[in-house]
Amino acid sequence: MDCALVVVGAGPGGFDAALEAAALGIETVLVERENLGGTCLNWGCIPTKLFLGASAPLASLADHAKLKLIEYDPESVRVSLPALQNRKRKLIAGTHKAMTQRLKKAGVTLVQGSGRFTAPGVLEVEDAEGGVTSIQYKDAIVATGAGSASFPAIAPDGDAVLDPQQILDLETPPESLVIVGGGAIGIEMGEVFSRLGASITLVEAMDHLLPYEDTEIGGGLAKLLKRDKWALRIGERVASLKTMDGRAVLTMESGETIEADKALVAVGRKPNSAGIGLEAVGCELDSRGFVKTDENLNAAKNIYAVGDVNGIALLAHAATHQGHYVVRRIAGREEQPYAGGVIPACVYGSHEVMRAGLTEAMAVEAGGTVEVSRFQLAANPYAQAQSAGYGFVKAIWINGTLAGISALGHGVSHLVTLAEVLVREKITVDRLDRYVFAHPTLDEGLAEALRAPREAVS
Ligand SMILES: Cc1cc2nc3c(=O)[nH]c(=O)nc-3n(C[C@H](O)[C@H](O)[C@H](O)COP(=O)(O)OP(=O)(O)OC[C@H]3O[C@@H](n4cnc5c(N)ncnc54)[C@H](O)[C@@H]3O)c2cc1C
Ligand SMILES: NC(=O)c1ccc[n+]([C@@H]2O[C@H](COP(=O)([O-])OP(=O)(O)OC[C@H]3O[C@@H](n4cnc5c(N)ncnc54)[C@H](O)[C@@H]3O)[C@@H](O)[C@H]2O)c1
């Protein structure tokens with residue numbers, strides 16, 4: 001089979017790239033070894049947000065009940081996990097169908113199987129029955145994504161010790177869950193199962209939750225989760241985690257043991273870059289296995305790498321953004337180096353986190369005069385109305401120019417696109433004052449953070 005472009009991997013990076021390439025008249029083959037939609041649709045963004053969405057009313061009831069505005073018996077309100085699993089399966093199957101139709105309509109040829117480069121210009125695809133299709137291409141996009149990382153002492157066994165994919169298939173909620181890793185997955189899955197009635201213990205090796213975020217965000221989130229009765233073990237290390245007599249048994253380096261019905265290992269991602277012949281076509285991998293790319297996302301002659309597999313930003317929208325850039329380059333419509341710029345990021349749940357641009361620590365590292373300004377959401381009428389008057393918005397300034405906005409609080413993920421625009425535009429307070437902010441909204445809290453007096457960071 002000959003084509004102008006072969007795309008390996010049909011997650012957010014590869015699928016969108018294939019569609020756009022076809023729309024530009026490029027003869028495109030898309031290769032996928034499992035399901036269309038990749039991690040994001042099948043085991044990531046979509047199912048986790050479905051679980052969070054369906055369980056959100058419980059968290060909201062609890063917030064209002066804390067202020068004695070609602071009286072209810074928490075025992076009488078339950079999320080049905082089997083019903084949720086059913087809805088998840090239907091939603092994903094429906095989306096697979098719609099995606100298949102879109103490929104067909106766009107004229108993209110889908111080849112099911114596992115792709116491997118055998119020589120420059122040649123990709124072999126082996127299907128489930130062992131049949132091999134050889135594809136000769138002019139350009140290739142590697143969009144093979146990433147899977148769950150683990151360490152031998154804490155390796156998920158699919159019994160009581162689960163990885164982020166396995167935990168999403170539980171039909172019965174555990175009564176107790178121990179989570180290793182206080183990153184986005186640990187926090188979001190802890191939130192889901194806490195709402196479903198599990199007691200949560202979370203162990204994070206670094207000195208604050210969400211170590212890639214502002215330390216104030218991680219610290220503030222820890223306080224809120226403790227208030228929700230999570231047992232947090234921050235800055236502590238795990239020696240081992242295994243299933244014993246059907247239960248998860250975690251041993252800390254101190255020798256202390258913690259038992260739970262189930263455990264989740266959520267300690268980061270490992271790129272899908274091994275065994276697919278990348279080295280045979282001149283691609284290099286870094287020490288963690290991510291595919292090295294240049295400023296144009298080129299990994300080798302006529303081969304580009306986009307999305308999780310290149311390790312630039314492990315987010316679905318970053319993968320899509322990179323895929324579109326590469327297709328424009330291949331089509332001869334783009335000559336500038338890839339500029340990801342301000343990639344917005346959120347962590348979802350009752351106490352959300354969002355960031356666009358730099359954290360305080362990143363700004364200090366970047367150099368210049370760093371200042372911060374803040375607004376406490378306790379004074380925001382919209383947050384008050386949700387019985388969620390807590391958290392804050394924090395703006396970071398370098399030499400007087402807006403460089404980043406972070407926030408912690410109920411619903412702050414809704415601020416992320418506004419924050420991205422303001423940071424990309426390097427908005428000044430004078431220009432901000434020409435905008436009208438609807439009242440009452442969380443957006444007013446964002447504007448207040450930008451207008452607040454600035455403190456120098458030493
Ligand atoms: C639990 C969880 C929740 C998440 N939530 C969010 C979120 O809310 N927002 C967000 O932005 N991001 C989220 N992410 C991250 C997001 O899922 C990834 O950043 C995104 O899926 C990366 O897209 P990708 O196209 O690079 O790779 P993937 O989505 O991983 O897709 C890669 C595809 O390549 C296929 N493949 C691999 N090797 C081969 C081969 N040799 N031949 C053929 N096919 C191959 C795989 O089967 C897969 O379908 C979450 C991740 C997880 C695990
Ligand atoms: N809402 C979202 O956008 C969203 C949601 C989920 C996942 N994701 C993406 O998926 C990726 C994977 O998420 P993740 O949470 O697995 O990874 P992560 O890298 O964000 O967090 C992993 C955490 O585990 C900790 N850790 C590592 N080894 C440990 C150990 N032995 N003991 C205790 N703690 C340990 C790390 O310090 C880190 O805080 C992230 O890069 C994220 O961008 C995004």
Side-chain angles (χ1 to χ4, degrees), residues 7-17 30-49 51-52 111-117 123 125-126 141-151 153-154 163-165 167-168 179-189 202-213 218 233-239 241 250 252-253 264-278 305-320 322-323 343-349 352-354 413:
V7 181
V8 192
F15 184 82
D16 283 41
L30 176 63
V31 179
E32 172 54 54
R33 67 179 181 191
E34 286 184 90
N35 298 317
L36 292 178
T39 306
C40 179
L41 171 64
N42 298 286
W43 311 287
C45 330
I46 301 305
T48 54
K49 272 71 222 180
F51 284 20
L52 280 167
V111 177
Q112 284 285 169
S114 194
R116 192 168 64 87
F117 293 93
L123 183 91
V125 183
E126 186 174 347
I141 300 179
V142 180
T144 49
S148 302
S150 72
F151 305 103
I154 56 168
D163 69 19
Q165 186 172 332
I167 199 165
L168 283 169
I179 299 170
V180 184
I185 295 181
I187 301 294
E188 290 183 356
M189 294 318 294
L202 185 146
V203 186
E204 165 57 50
M206 303 295 276
D207 59 8
H208 66 94
L209 294 177
L210 301 175
Y212 306 118
E213 299 302 332
R233 311 292 298 258
I234 297 172
E236 294 188 56
R237 300 192 77 85
V238 176
L241 173 60
L250 180 146
M252 305 292 286
E253 279 188 345
L264 168 67
V265 178
V267 293
R269 309 289 289 165
K270 190 178 74 189
N272 294 325
S273 59
I276 53 174
L278 288 171
V306 305
D308 281 11
V309 78
N310 69 21
I312 293 174
L314 283 77
L315 292 165
H317 42 281
T320 306
Q322 293 170 14
I343 298 290
C346 302
V347 180
Y348 300 87
E352 293 190 332
V353 171
M354 76 87 191
S413 65

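As the structure lists them, so they are numbered: ligands from 1, and atoms in each ligand from 1.
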**Prompt:** Do any heavy atoms of Asn35 fall under 4.0 Å from ligand 1?
**Reply:** yes
**Prompt:** Is the closest side-chain donor-acceptor distance between Asn310 and Gln322 under 3.5 Å?
**Reply:** yes
**Contact check, Ala345 vs ligand 2, heavy-atom distance below 4.0 Å** = no
**Asked** Is Thr144 reaching over with its side chain to a backbone N or O of Asn272, donor-acceptor style, under 3.5 angstrom?
**Response** yes
**Prompt:** Counting only heavy atoms, which portion of Leu210 has something under 4.0 Å from ligand 2: side chain, backbone, both, or neither?
**Reply:** neither
**Prompt:** Any N or O on Gly115 sitting closer than 3.5 Å to an N or O of ligand 1?
**Reply:** yes
**Request:** For ligand 1, indicate whether the residue Arg116 contacts it via side chain, backbone, both or neither (heavy-atom separation under 4.0 Å).
**Result:** neither
**Message:** Suppose we measure from atom 30 (C) of ligand 2 to each protein heavy atom; which comes out shortest, and what is that distance?
**Reply:** Val180 CG1, 4.0 Å
**Request:** Identify, for atom 24 (O) of ligand 2, the protein heavy atom at the shortest distance, and state residue, atom and that distance.
**Result:** Gly181 CA, 3.3 Å
**Asked** Hey, is the main chain of Glu32 close enough, under 3.5 Å, to the side chain of Gln112 for a donor-acceptor pair?
**Response** yes
**Pick from Lys49, Glu236, Glu204: the one approaching atom 37 (O) of ligand 2 most closely through a non-hydrogen atom** = Glu204
**Asked** Which protein non-hydrogen atom lies closest to atom 18 (P) of ligand 2, naming both residue and atom, and how far is it?
**Response** Tyr212 CE1, 4.0 Å
**Request:** For ligand 1, indicate whether the residue Phe15 contacts it via side chain, backbone, both or neither (heavy-atom separation under 4.0 Å).
**Result:** neither
**Request:** Looking only at distances, please establish whether an N/O atom of ligand 2 is found under 3.5 Å from an N/O atom of Val347.
**Result:** no
**Complete:** Of all protein heavy atoms, the one nearest atom 4 (C) of ligand 1 is Cys45 N, 3.4 Å
**Message:** Please report whether ligand 2 has a polar contact with Pro211, defined as an N or O pair separated by less than 3.5 Å (distance criterion only).
**Reply:** no
**Where ligand 1 meets Ala319 - atom numbers and elements under 4.0 angstrom, heavy-atom basis** = 23 (O), 26 (O)
**Prompt:** ligand 2 versus Glu188, non-hydrogen atoms closer than 4.0 Å: side chain, backbone, both, neither?
**Reply:** side chain
**Asked** Would you say Arg237 touches ligand 2, if touching means a heavy atom closer than 4.0 Å?
**Response** no
**Prompt:** Of all the non-hydrogen atoms in the protein, which one sits nearest to atom 48 (C) of ligand 1, and at what distance?
**Reply:** Glu32 OE1, 3.5 Å
**Prompt:** Does ligand 1 have any atom sitting under 4.0 Å from a heavy atom of Val309?
**Reply:** no
